[in-house]
Every structure is written in structure tokens, then in C-alpha cells.
Chemist: 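Before anything else, here's the structure in question.
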Number of protein chains: 2
Amino acid sequence: MNKAKKAKLEKKGWKLGSADEFLGLSAEEAAYVEMKLALSEKLKEKRVRKKLTQAELARMTNSSQSRIAKMEAGDPTVSIDLLVKSLLALGVSKKELGRSISQEIAGTI
Amino acid sequence: MNKAKKAKLEKKGWKLGSADEFLGLSAEEAAYVEMKLALSEKLKEKRVRKKLTQAELARMTNSSQSRIAKMEAGDPTVSIDLLVKSLLALGVSKKELGRSISQEIAGTI
DNA sequence: TGACAATATGTCAGTTCTGACATATCATAC
DNA sequence: GTATGATATGTCAGAACTGACATATTGTCA
């Protein structure tokens with residue numbers, strides 16, 4: 001994970017430890033953050049493709065528009081659990097979910 | 001998901017809604033539970049393969065022996081986040097994690 | 001058998017996540 | 001312009017999760 005990316009994440013509110021590796025983010029931390037961001041992007045992509053508003057998806061999942069917005073924005077207060085439940089509610093299969101998680105993000109590590 | 005499996009999970013403490021589908025568990029609920037169980041099993045498998053005790057893994061992850069035990073037992077109070085973080089700490093790659101999540105469990109759905 | 005290490009189970013106070021709400025910003029149409 | 005719908009941001013009380021601890025159970029030696 002490069003320095004610019006780390007700075008961008010910290011601006012978003014992520015608290016990233018440092019000093020483990022070359023640019024201050026352990027491989028595990030990086031993988032964890034990247035997974036969550038991949039799920040965020042998948043969620044937005046799926047919702048938009050289905051032509052749902054955030055408010056509509058919120059209703060479908062007993063959540064709220066603001067939490068959906070935070071999920072899509074990659075807010076660090078959102079759990080993987082919530083992202084996964086939301087994606088499943090959008091009809092994403094376990095297989096597709098697994099693929100999203102495996103995904104490498106350009107420009108990292 | 002069949003009736004016996006559902007009963008077994010409920011005995012473990014899972015609160016599963018009902019009435020959505022044929023045997024009372026929506027496809028999304030089933031997929032969510034199966035994902036967590038797949039991660040549980042992966043965790044145990046990885047820990048054992050590395051010849052670590054639960055207490056040792058707990059130390060490595062700033063957790064506790066009892067929580068590791070609950071993770072491996074598929075306890076519903078364990079989050080996917082914690083499972084994922086623990087697996088990453090054991091050196092599992094995003095790719096392998098994704099594969100675990102995609103996995104179909106014999107005898108379900 | 002008993003002693004010991006590992007794992008399982010139960011509980012709980014502190015922490016984190018959540019939905020809800022208010023409000024701000026952005027986009028598109030008129 | 002400004003009205004309207006959608007999305008973003010900030011806050012917070014209540015819900016869910018967590019590590020820690022105590023204790024029970026299980027497994028494996030001699």
C-alpha cells in the first residue's frame with residue numbers, strides 16, 4: 001500500500017497502525033482494508049445497476065440511507081458483516097462475494 | 001437448508017427467522033450463516049495445521065482463548081470481521097479467503 | 001487411577017457498530 | 001435563479017461484539 005493511498009484512507013477516518021512494513025501498514029491491515037473497500041464498491045455497483053436509491057436499499061435491509069451512504073463511502077465504522085448482509089440482500093451469490101473479496105486493487109501492495 | 005441443520009444451528013444459539021421459504025430460512029440468511037461457518041472451519045484448520053494452541057493464536061491476535069474457541073465453534077456472537085482478521089493474522093491470503101467464502105457446504109440449500 | 005494441557009462454555013463490563021435523525025451538499029430539471 | 005430528489009456528513013442512544021475471567025469438559029499421558 002502506497003503512502004498516498006494510506007493518507008487518503010486516514011482522511012476517511014481509518015486508524016491505521018504503522019511501522020510494521022515499508023510504508024507503515026502491515027500486510028494484514030492492508031488486506032483487511034482492501035477487502036472492505038472492494039465490498040463497498042461492489043455494493044454501490046450492484047445497487048446502481050438495479051436502479052435502487054440508497055433509501056430504497058435501506059428499506060429492503062432494515063437499515064438507513066445514511067448507513068448505506070457510509071457503506072458505499074468506505075467508512076471505517078461499517079462492519080464486513082453489514083456489507084455482506086447488504087450484498088446478499090441485493091442478490092449477490094456467495095460465489096460472486098468470494099470473487100470480490102479475492103480481488104486485487106490496482107496500485108496497492 | 002434442511003430442518004436438521006437449522007435445528008442444530010439454533011441449538012448453537014443462532015436466531016434464525018422463519019417463514020420466508022420452504023423450510024423457514026431465507027436464502028440470504030442461509031448464505032450468511034454458511035459463510036461464517038466456512039470461515040470458522042477454515043480458522044480451525046489453519047490453526048491446527050500451524051500447530052498453534054487457541055491460547056497462542058489468541059496472543060498473536062490480542063484476543064482470548066475463549067473467543068478463539070467460540071470462533072471455531074461457530075458461535076453466533078462472533079463477527080465476520082473478527083474471523084477475517086484472525087485468518088489474515090494466520091497468513092491466509094485474500095484469494096484463499098475468497099475461496100473459502102464461495103464454498104458450497106454439502107447438504108445445504 | 002490422577003495429573004496436566006487443551007478446549008469448551010458462561011458471564012459481563014467496556015468497546016464498537018447500528019439505525020435514526022438532522023442537516024448539508026450535489027445533481028438535474030424547469 | 002430555485003425546486004426537487006438523491007447522496008453525504010455528523011451525532012448519539014441503544015444494540016451487538018469483544019476480551020477477560022472463571023470454570024467445566026475433554027483428551028492424553030503415565
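All values derive from a computational prediction rather than experimental measurement. Here is the naming used below: chain letters follow the sequence lines, and residue numbers restart at 1 for every chain.
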Chemist: Checking A/Lys50 side chain against A/Leu90 main chain: does a donor-acceptor pair fall under 3.5 Å?
Modeler: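 Between the backbone of A/Leu90 and the side chain of A/Lys50 there is a qualifying donor-acceptor contact (under 3.5 Å).
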Chemist: What I want to check is whether the side chains of B/Gln103 and B/Glu34 have a donor and an acceptor closer together than 3.5 Å.
Modeler: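 No, no side-chain donor-acceptor pair sits under 3.5 Å.
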Chemist: Counting C-beta onward and ignoring hydrogens, is there a side-chain heavy-atom pair between A/Leu88 and A/Leu97 closer than 4.5 Å?
Modeler: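 A/Leu88 vs A/Leu97: side chains touch.
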Chemist: Pick one: which of A/Arg67, A/Lys42, A/Glu41, A/Gln54 meets side chain to side chain contact (heavy atoms under 4.5 Å, CB included) with A/Glu72?
Modeler: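 Answer after filtering A/Arg67, A/Lys42, A/Glu41, A/Gln54: A/Gln54.
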Chemist: Treat primed atoms plus P, OP1 and OP2 as sugar-phosphate and everything else as base, then score nucleotides 25-30 of chain D 5' to 3': B for base contact with protein heavy atoms under 4.0 Å, S for sugar-phosphate contact only, - for none.
Modeler: ------
Chemist: Answer yes or no: is there a side-chain heavy-atom contact under 4.5 Å between B/Leu83 and B/Ser40?
Modeler: yes
Chemist: For each nucleotide in nucleotides 5-21 of chain D, reading 5' to 3', give B when a protein heavy atom comes within less than 4.0 Å of its base, S when such contact involves only the sugar-phosphate, and - otherwise.
Modeler: -SBBBBB-----SBBBB
Chemist: Taking C-beta and beyond as the side chain, do B/Ser26 and B/Glu29 meet within less than 4.5 Å on heavy atoms?
Modeler: yes
Chemist: Working to the nearest 0.5 Å, report the span between CD1 of A/Ile101 and CD1 of B/Ile101.
Modeler: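 A/Ile101 CD1 to B/Ile101 CD1: 3.0 Å, rounded to 0.5 Å.
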